[in-house]
Amino acid sequence: MSAIVGHTMYILLSCAISLDGYLDDTASEQLVLSNAADLDRVDEVRSGVDAILVGANTIRRDNPRLSVRSPARRAAREAAGKPPTPLKVILSSREVPADAAFRADGESLISSGSLADVVAELAERGVERLMVEGGGRVLTEFLTTGLADELQLVIAPFFVGDTDAPRFVHDGQFPWTSRSRATLASVETIGNVALHRYLLSESAAHRHWLAHAIELSHRCPPSTTAFSVGAVIVDAAGEVIAWGYSRETDDLVHAEESALAKLAGDDPRLRTATLYSSLEPCSERKSRPRSCSRLIREAGIPRVVFALREPSTFVVGEGAEELTAAGVTLVEVPELADQVREANRLQLGLP
Ligand SMILES: NC(=O)c1ccc[n+]([C@@H]2O[C@H](COP(=O)([O-])OP(=O)(O)OC[C@H]3O[C@@H](n4cnc5c(N)ncnc54)[C@H](OP(=O)(O)O)[C@@H]3O)[C@@H](O)[C@H]2O)c1
Ligand SMILES: [Zn+2]
């Protein structure tokens, strides 16, 4: 998804809008969209990043501090060897006032380069998580260049009703369309506002669905002779079309097999779907005539994402090799492998 090949920074966009999609109104004082509980949530998100970025108009208009406020969170950052508040990054081609509030606390950087240059510079400085807090022009640029992994959008239940007010995003070509949608990860009520979390990059979506598969694996009836696995099948539009877990319907059924059994073999959605499995699909089975790798190939699923290669506890797994040889795209997400081992402590003889 990223326009910059090889960028590994996680970029999170955060903002609050009215029901009609405005970031602010046209009055001189700042419009309050969020509430105290949500501001505290934003403070928590800030404390978890390495840098916070805004556009110069946001500085001119709102004069935000852009700091972590909670003393406990600041202390926790320091205890972890980080500065108490993340690096502040302001995009501007002009002078930024010397008395701007963000300058009072922590390190800051004014940048006038292209977004790609800014992101590259921040990566060089060791920034791994970047939070972008607006405004509309900057958000539009991050979204239309495909340089975003997640959007945390807070919606306040009122209208601004004035087209002269600053919009959430401007016109542009966005990578998400009705056919190739962003992944809706969660919707949460925070008092009188709603927090929507959208995953925008492929890698963020993969982690989300794999985490869901791992969650399902915790529903497996315990066993010492077979692994506990969860599987989710997601169609091209980002909709879950089937899911399953080991021993869901009988003592021997595998997660992928159980999920596939819930769909007709000729379901056209399978041809463009992705199968997420916490563990590499099996290549050999004693208890059933067909392995999961074979079932996946026969279903015509073009892509499989998994977290952990099958440990050689029971059989030597060659599912990944078999699927790759058959032209299926394999994606391994080793960051989540420990969670899969955790769900299989018994089988792996872990303490
Ligand atoms: N509700 C919310 O969550 C929220 C959050 C933030 C802001 N806001 C609101 O959003 C409004 C501001 O939004 P906006 O769209 O007008 O402006 P903005 O996105 O905050 O800032 C745009 C400015 O950033 C600089 N800039 C942008 N891209 C750049 C680049 N690639 N390189 C260098 N400079 C770049 C330019 O400043 P120069 O002119 O200096 O070059 C540009 O004019 C305010 O009303 C504010 O209250 C709301
Ligand atoms: Zn299997």
Side-chain angles (χ1 to χ4, degrees), residues 185 205-235 239-265 267 269-270 273-326 328-351:
H206 284 347
R207 277 196 299 273
H208 171 74
W209 292 122
L210 259 190
H212 188 55
I214 294 169
E215 250 173 68
L216 284 170
S217 74
H218 287 280
R219 296 198 200 174
C220 302
S223 169
T224 49
T225 54
F227 289 115
S228 292
V229 182
V232 186
I233 305 174
V234 180
D235 75 7
E239 195 88 74
V240 174
I241 54 172
W243 51 268
Y245 53 87
S246 316
R247 303 176 289 287
E248 182 184 3
T249 49
D250 68 66
D251 289 350
L252 300 171
V253 76
H254 283 189
E256 306 93 308
E257 182 186 18
S258 188
L260 283 165
K262 293 170 187 170
L263 298 168
D267 189 319
R269 294 172 298 177
L270 287 167
T274 301
L275 183 141
Y276 294 89
S277 178
S278 57
L279 192 71
E280 173 188 1
C282 66
S283 55
E284 199 189 307
R285 287 189 73 174
K286 296 187 185 77
S287 55
R288 294 277 213 259
R290 291 182 298 172
S291 69
C292 291
S293 297
R294 182 149 164 214
L295 293 173
I296 292 166
R297 281 192 282 121
E298 288 176 359
I301 293 179
R303 189 166 66 169
V304 171
V305 183
F306 67 98
L308 180 69
R309 293 261 171 177
E310 179 168 0
S312 54
T313 316
F314 305 121
V315 291
V316 177
E318 284 170 358
E321 289 75 10
E322 203 182 298
L323 287 164
T324 305
V328 176
T329 302
L330 265 269
V331 182
E332 193 173 345
V333 184
E335 301 101 274
L336 297 182
D338 275 346
Q339 291 182 36
V340 180
R341 287 190 195 97
E342 181 66 36
N344 288 279
R345 300 182 79 86
L346 207 60
Q347 293 89 332
L348 296 171
L350 296 174

*asked:* Quick one, Tyr245 and His218 - any side-chain contact, counting heavy atoms below 4.5 Å?
replied: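 When only atoms from C-beta onward are counted, His218 and Tyr245 do not touch, as no gap falls below 4.5 Å.
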[Y] backbone acceptor or donor facing [X] side chain under 3.5 Å:
| X | Y | value |
| --- | --- | --- |
| Arg247 | Pro221 | yes |
| Ser278 | Ala213 | no |
| Glu280 | Gly319 | yes |
| Ser258 | Ala255 | no |

*Please identify each residue that fulfils side-chain hydrogen bond (donor to acceptor under 3.5 Å, both in side chains) with Glu239, with sequence neighbours left out.*
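Partners of Glu239 under the side-chain hydrogen bond (donor to acceptor under 3.5 Å, both in side chains) test: none.
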*Does the gap between the ring centers of Phe227 and His254 come in under 6.0 Å?*
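No, ring centres 6.0 Å or more apart.
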Name the residue from [options] that meets the side-chain contact (heavy atoms from CB on, under 4.5 Å) definition with [X].
| X | options | answer |
| --- | --- | --- |
| Phe306 | Leu336, Val333, Leu330, Leu279 | Leu330 |
| Tyr276 | Val331, Leu210, Ile233 | Leu210 |
| Ser228 | Asn344, Val340, Leu216, Ile214 | Asn344 |

What distance separates [X] [atom1] from [Y] [atom2], expressed to the nearest 0.5 Å?
| X | Y | atom1 | atom2 | value |
| --- | --- | --- | --- | --- |
| Arg288 | Leu295 | CZ | CG | 9.5 Å |
| Thr329 | Ile301 | OG1 | CD1 | 12.5 Å |
| Glu332 | Leu308 | CD | CG | 8.0 Å |
| Glu284 | Glu322 | CD | CD | 9.5 Å |
| Leu263 | Arg269 | CG | CZ | 6.0 Å |
| Ile296 | Glu256 | CD1 | CD | 5.5 Å |

*Could you tell me how the ring of Trp209 sits relative to the ring of His212: parallel (under 30°), tilted (30 to 60°) or perpendicular (over 60°)?*
perpendicular
At their closest point, which heavy atom of [X] faces which heavy atom of [Y], and how far apart are they?
| X | Y | result |
| --- | --- | --- |
| Cys282 | Ser293 | O-OG, 2.7 Å |
| Gly244 | Glu248 | CA-OE1, 3.2 Å |
| Val229 | Ser277 | CG1-OG, 3.5 Å |
| Gly265 | Leu270 | O-CD1, 3.9 Å |
| Ala259 | Ala242 | O-CB, 3.4 Å |

*Apply side-chain contact (heavy atoms from CB on, under 4.5 Å) to Leu350 and Arg341, showing your working.*
CA-CA 8 Å; Leu350 296 174; Arg341 287 190 195 97; 4.2 Å; yes
_Can a side-chain donor-acceptor contact be found between Arg303 and Thr274 if the only test is distance below 3.5 angstrom?_
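There is such a pair (donor and acceptor under 3.5 Å, judged by atom type) between the side chains of Thr274 and Arg303.
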*asked:* Do the side chains of Glu257 and Arg294 get close enough for a salt bridge, i.e. N-O under 4.0 angstrom?
replied: no
